[in-house]
Amino acid sequence: YEIYQCNWSSDVCSSDLFTIQTQYLQNRRVSLVGSSATVINRSGEFIGHIPVNTSLNKIKKELLRRNQFIHPTLMFNRDVIQNIQYDSSLSVAQDYGFLLEIAKHFEICNVNENLLCYRIHDSNDSGKRVPFAQMRILGKLKIELALELGISKLYCAFWHTLWMIKRSEEHTSELQS
């Protein structure tokens, strides 16, 4: 049984992360698992928590609105890596596109435990501006997932448009400050 773990050197994993997530992959018949996280600053001081959805149906539906996973908590089995590849054209949103593709073909879940201390620093990609061309690719992936879930294109297009507006407003306010 081959398992792949995403991890970044700046983050700190719980000693139980591998055991808990491996059990989820094996016992719950899912192909990808993530977890919630504690947020720390550069010095390792506590800032807060990042909660996650744990319901399979809710995770897939909410993926149409925004990413439901904390990337460095991801663990997945070999089937995922053999069938789904990162889209290199999504330079800023590769993880989100990857997860949308996985959700179309595999069972996914989150563990409701803080198994990672996620370090916030200047190099984090989270919150970076997603170029319009990449937003269009993500929109197409969201519609494909919506159709797999039996959700209308209109519902998906509505939430994707709101997401694009929010991202544009965040970028505009960054430029003004």
Side-chain angles (χ1 to χ4, degrees), residues 1-28 30-56 58-78 80-81 84-88 90-103 106-131 134-135 138 163-164 166-177:
Y1 197 78
E2 286 186 46
I3 295 172
Y4 298 86
Q5 168 71 46
C6 298
N7 200 327
W8 298 337
S9 60
S10 61
D11 299 322
V12 181
C13 292
S14 159
S15 58
D16 297 331
L17 181 137
F18 189 79
T19 303
I20 291 170
Q21 288 188 319
T22 300
Q23 288 173 351
Y24 264 75
L25 289 172
Q26 292 173 340
N27 299 335
R28 297 186 184 243
V30 296
S31 295
L32 178 137
V33 63
S35 77
S36 55
T38 299
V39 182
I40 58 176
N41 65 15
R42 292 183 109 162
S43 306
E45 298 164 335
F46 173 81
I47 295 176
H49 295 284
I50 304 173
V52 293
N53 282 317
T54 56
S55 160
L56 171 64
K58 190 168 186 173
I59 290 170
K60 286 189 174 189
K61 188 173 181 181
E62 291 296 314
L63 263 174
L64 299 174
R65 296 175 65 188
R66 66 177 184 82
N67 193 344
Q68 297 296 298
F69 293 91
I70 303 164
H71 191 79
T73 69
L74 295 179
M75 183 180 286
F76 45 90
N77 65 32
R78 181 172 49 165
V80 170
I81 210 73
I84 310 292
Q85 300 296 314
Y86 276 98
D87 183 341
S88 61
L90 295 171
S91 60
V92 177
Q94 278 185 340
D95 58 337
Y96 192 18
F98 183 62
L99 291 164
L100 287 165
E101 283 289 341
I102 292 169
F106 297 98
E107 296 300 310
I108 57 177
C109 74
N110 272 313
V111 177
N112 193 21
E113 292 186 47
N114 292 335
L115 298 179
L116 180 88
C117 289
Y118 181 77
R119 190 178 309 273
I120 300 293
H121 51 77
D122 298 337
S123 306
N124 288 110
D125 282 341
S126 299
K128 282 189 179 174
R129 187 177 83 75
V130 178
Q134 291 181 36
M135 286 185 186
L138 290 172
W163 177 77
M164 287 175 43
K166 182 177 183 261
R167 296 299 295 225
S168 296
E169 288 173 350
E170 289 170 355
H171 179 65
T172 302
S173 67
E174 287 174 12
L175 292 175
Q176 292 173 348
S177 27

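For the numbers below, each heavy atom of this structure counts, side chains included, while hydrogens, waters and symmetry mates do not.
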Asker: For T73, is there any backbone N or O sitting under 3.5 Å from a side-chain donor or acceptor partner on Q21?
Answerer: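 A pair under 3.5 Å: yes.
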
Asker: For I40, does its backbone N or O pair with a side-chain atom of R119 as donor and acceptor, under 3.5 Å?
Answerer: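 Between the backbone of I40 and the side chain of R119 there is no qualifying donor-acceptor contact (under 3.5 Å).
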
Asker: If I take atom OH from residue Y118 and atom CD1 from residue I50, how far apart are they, to the nearest 0.5 angstrom?
Answerer: 6.5 Å

Asker: At what distance, to the nearest 0.5 angstrom, does CD1 of I102 lie from CD1 of I84?
Answerer: 6.5 Å

Asker: For E113, what residues pass the salt bridge (charged side-chain N to carboxylate O under 4.0 Å, His left out) criterion, not counting sequence neighbours?
Answerer: none

Asker: Nearest 0.5 Å, what's the CG-CD distance between N77 and E2?
Answerer: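 These two atoms lie 10.0 Å from each other.
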
Asker: Could you work out, with side-chain contact (heavy atoms from CB on, under 4.5 Å) as the rule, every residue matching N53, not counting sequence neighbours?
Answerer: K58, I59, E62, Q68

Asker: Among C109, S35, S36, find the one that has a side-chain contact (heavy atoms from CB on, under 4.5 Å) with V52.
Answerer: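 Single side-chain contact (heavy atoms from CB on, under 4.5 Å) partner of V52 among C109, S35, S36: S36.
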
Asker: Please list, chain by chain and in numerical order, all residues satisfying ring-ring contact (aromatic ring centres under 6.0 Å, His included) with Y86, sequence neighbours excluded.
Answerer: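 Y86 satisfies ring-ring contact (aromatic ring centres under 6.0 Å, His included) with F98 once adjacent residues are dropped.
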
Asker: Can you name the residues that form a salt bridge (charged side-chain N to carboxylate O under 4.0 Å, His left out) with E107, not counting sequence neighbours?
Answerer: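 Once residues adjacent in sequence are excluded, E107 has no partner under the salt bridge (charged side-chain N to carboxylate O under 4.0 Å, His left out) criterion.
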
Asker: Quick one: CG on N27 to OG1 on T22, what's the gap to the nearest 0.5 Å?
Answerer: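 So the CG of N27 and the OG1 of T22 are separated by 10.0 Å.
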
Asker: To the nearest 0.5 angstrom, please state how far the CZ atom of F76 sits from the CG atom of L99.
Answerer: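 Reported to 0.5 Å precision, the distance equals 9.0 Å.
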
Asker: If the condition is side-chain contact (heavy atoms from CB on, under 4.5 Å), which residues does A103 pass it with, not counting sequence neighbours?
Answerer: K60, L63, I108, L145

Asker: Is any side-chain heavy atom of L90 closer than 4.5 Å to a side-chain heavy atom of Y96?
Answerer: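 No, their side chains stay 4.5 Å or more apart.
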
Asker: For a side-chain contact (heavy atoms from CB on, under 4.5 Å) check, start with the C-alpha distance between D87 and Q134, then their side-chain angles and the critical distance, and finish with the verdict.
Answerer: CA-CA 10 Å; D87 183 341; Q134 291 181 36; over 6 Å; no

Asker: To the closest 0.5 Å, what do you measure between CG (L138) and CG (L64)?
Answerer: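 Result: 12.0 Å between the selected atoms.
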
Asker: Do V30 and L25 pass the side-chain contact (heavy atoms from CB on, under 4.5 Å) test, and can you show the C-alpha distance, the side-chain angles, and the key distance before you say yes or no?
Answerer: CA-CA 5 Å; V30 296; L25 289 172; 4.1 Å; yes

Asker: Stepwise, does the side-chain contact (heavy atoms from CB on, under 4.5 Å) test hold for F46 with T38?
Answerer: CA-CA 7 Å; F46 173 81; T38 299; 3.5 Å; yes

Asker: What pairs with S43 under side-chain contact (heavy atoms from CB on, under 4.5 Å), at least two apart in sequence or on another chain?
Answerer: N41, E45

